[in-house]
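Okay, so here's the structure we're looking at.
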Amino acid sequence: MQLKLALAFLLVAASSIVANLLVNFLIPARDYAVFNMVGVVCTDTLIGLAAAYFLSRYFTRHLKTLASASQVIAEGDLSRRVRVESDDEVGDLSRAFNAMLENLIKVVREVSATARTIFDSAQALSATAEEMNASTQEISSTVQNIAQGAETQASMVSKTSEITRNLAKSIGEIATKARLVNEQATDSGYKAKQGGEFATLAMEKISEVAERIQGARNAVEGFRTRALEINKIVEFITSIAQQTHLLALNAAIEAARAGEQGRGFAVVAEEVGKLAENAKGFADQISELAGRINSESANVIGSMTESTRAAREGREVVLEANRTLEDIVKSVLSTVERVQEISALTQGQTKGAEELVRAIEEISKIAEDNAAGTQEASAATQQQTAAMQELSASAQAMARTSDTLKELVSVFRV
Amino acid sequence: MSNQGASEVTLEFTLGRERYAMPASAVQEVTEIIALQRVPKAPPVIAGLVDVRGRVITLLDLERVFGLEHETEGAPVALILAPPDAHLGLLVHGQPQVGRLDLSAAGAAEGLIDGVLLASDKLYNIVSPRRILAFCEKQVLEVFRRAAVDDRTIPTGRQA
């Protein structure tokens with residue numbers, strides 16, 4: 001450049017000299033003096049101006065290129081390159097300028113790429129955060145459901161515990177009652193056995209009564225026979241009395257017929273008649289009594305026959321009662337056995353129920369712990385949700401920032 | 001019995017609810033009826049035939065005579081009538097009694113009754129064999145007459 005400048009100045013100086021000489025040559029001498037003075041100044045000025053104009057044109061043409069390139073670059077177009085093929089400082093500047101552009105492009109590209117990557121990452125992060133947030137919310141609601149379920153479970157277990165305790169109590173009462181039933185059944189069995197013995201005794205007594213009734217019946221039959229015999233005799237007596245009466249009547253008739261002589265005979269006849277009458281009256285009374293004895297004996301015999309039959313039936317009934325009582329004894333013994341079995345089973349049940357109560361109490365504790373744990377988990381998921389929301393917000397903010405960066409970088413065309 | 005001299009011995013018996021009395025002199029004896037033999041086609045007043053110590057006595061049913069239908073209680077007895085009617089007897093029930101009544105004090109006769117007598121607060125229908133026998137005779141004759149008419153007009157079925 002310095003060399004070029006020196007050469008330029010040298011050229012200007014040489015052209016000035018040539019111009020002076022040329023002017024001296026062309027212009028006549030007369031004029032020369034005046035002219036010489038004016039001519040030289042004018043020529044030199046003209047030459048100087050031309051030299052200045054061309055030299056400046058020459059030296060600034062590359063700078064203009066650079067300036068326009070800078071202008072383009074300033075507008076963001078980094079694709080432009082400066083073409084200066086000179087070995088001077090402007091050429092160096094141009095090369096340095098191009099190198100700077102290359103580096104700048106690299107930086108812009110990297111920034112752009114990085115911004116894109118950040119944006120993508122932020123987007124992905126945001127999406128992930130949202131997904132996680134959604135998942136966490138789901139987990140949170142699930143955990144809340146579990147927590148509610150755990151609470152319900154705890155209350156149900158509590159109820160179950162109560163029911164089981166009542167059950168255990170009931171089983172205890174059943175056991176007590178089974179013991180009472182056992183005692184009562186044993187007592188009933190003993191009493192039924194006693195009843196059976198009494199029934200046997202009653203049967204014997206009834207048989208005895210039946211035999212006695214039979215004996216009495218035979219005796220009454222004897223009475224009846226005697227009464228019938230009496231009746232026959234009385235009939236005979238009655239007949240005699242009647243005949244006597246008729247005899248007395250006939251005697252009286254005869255006496256009446258005899259008149260006064262028969263009067264004494266008539267009295268006798270009358271007396272005989274009265275006696276016969278009396279005899280007949282008594283015979284009638286006896287007959288009536290005998291008849292009454294007969295009919296009453298028949299009644300007694302009827303009653304006794306009825307009594308014998310009743311006694312026989314009573315014996316059958318008592319026999320049946322005895323059999324029934326034996327059956328009762330058997331069934332009571334069987335009942336006692338069953339009740340004892342029930343008693344044993346209820347004891348087992350009582351133990352089982354107690355164990356069940358303990359187990360349920362443990363379950364209850366676990367359920368309560370579970371409820372507490374799920375509540376904690378719920379709280380934790382809620383915190384996590386909050387964190388995820390924050391993360392999501394940050395990722396979105398980052399995405400926005402990277403967007404801004406991308407916009408900034410997008411000014412550059414590379 | 002207030003007038004001892006006028007009273008006479010009577011035989012008293014019952015027919016239905018009424019008391020009857022007959023003079024003892026009209027009766028020969030009183031007997032039991034052992035085997036009464038019914039008489040076919042006889043009028044209802046003829047009770048039947050009975051054997052009294054070898055004599056056949058025709059018994060007249062006094063209940064039928066007085067229009068009664070076996071209403072009297074007691075065993076049947078025969079009042080054998082005194083001669084001349086000793087072949088006839090009156091059948092009554094129960095036990096006849098011997099008594100004394102003033103038969104002259106009896107009221108007026110009516111139908112088969114000789115009279116009614118009140119004695120010792122008891123009312124007696126006084127009867128005598130005469131009216132009874134006359135009534136029975138009429139009955140028997142009527143039966144005989146009817147039998148004779150039947151024999152003439154109605155041929156017996158046995159001949160056909």
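Fair warning: this is a prediction, and the values are worked out from it, not measured in the lab.
- The nearest pair of heavy atoms linking A/Ile253 to B/Ala24 is CG2-O, 3.9 Å.
- Residues of residues 268-297 of chain A lying within less than 4.5 angstrom of chain B, judged on heavy atoms, are A/Glu277, A/Lys280 in numerical order.
- The residue among B/Leu11, B/Val30, B/Val77, B/Val27 with the most heavy atom pairs within less than 4.5 Å of chain A is B/Val30.
- Atom CZ of A/Arg257 has more than 12 heavy atoms from other residues, nucleotides or ligands within 6.0 Å.
- Annotation for B/Gln37: atom CD does not count as buried by contact number, only 12 or fewer foreign heavy atoms lying within 6.0 Å.
- Residue pairs meeting the salt bridge (Lys or Arg N to Asp or Glu O under 4.0 Å) criterion with at least one member in residues 80-96 of chain B, sequence neighbours excluded, do not occur.
- Listed in order of number, the residues of residues 243-251 of chain A that approach chain B to under 4.5 Å between heavy atoms are A/Gln243, A/His245, A/Leu246, A/Leu249, A/Asn250.
- At most 12 non-hydrogen atoms from other residues, nucleotides or ligands lie less than 6.0 angstrom from CZ of A/Phe223.
- Evaluation of the side chain to side chain donor-acceptor pair (under 3.5 Å) rule for A/Thr305 yields A/Arg217 as partners, not counting sequence neighbours.
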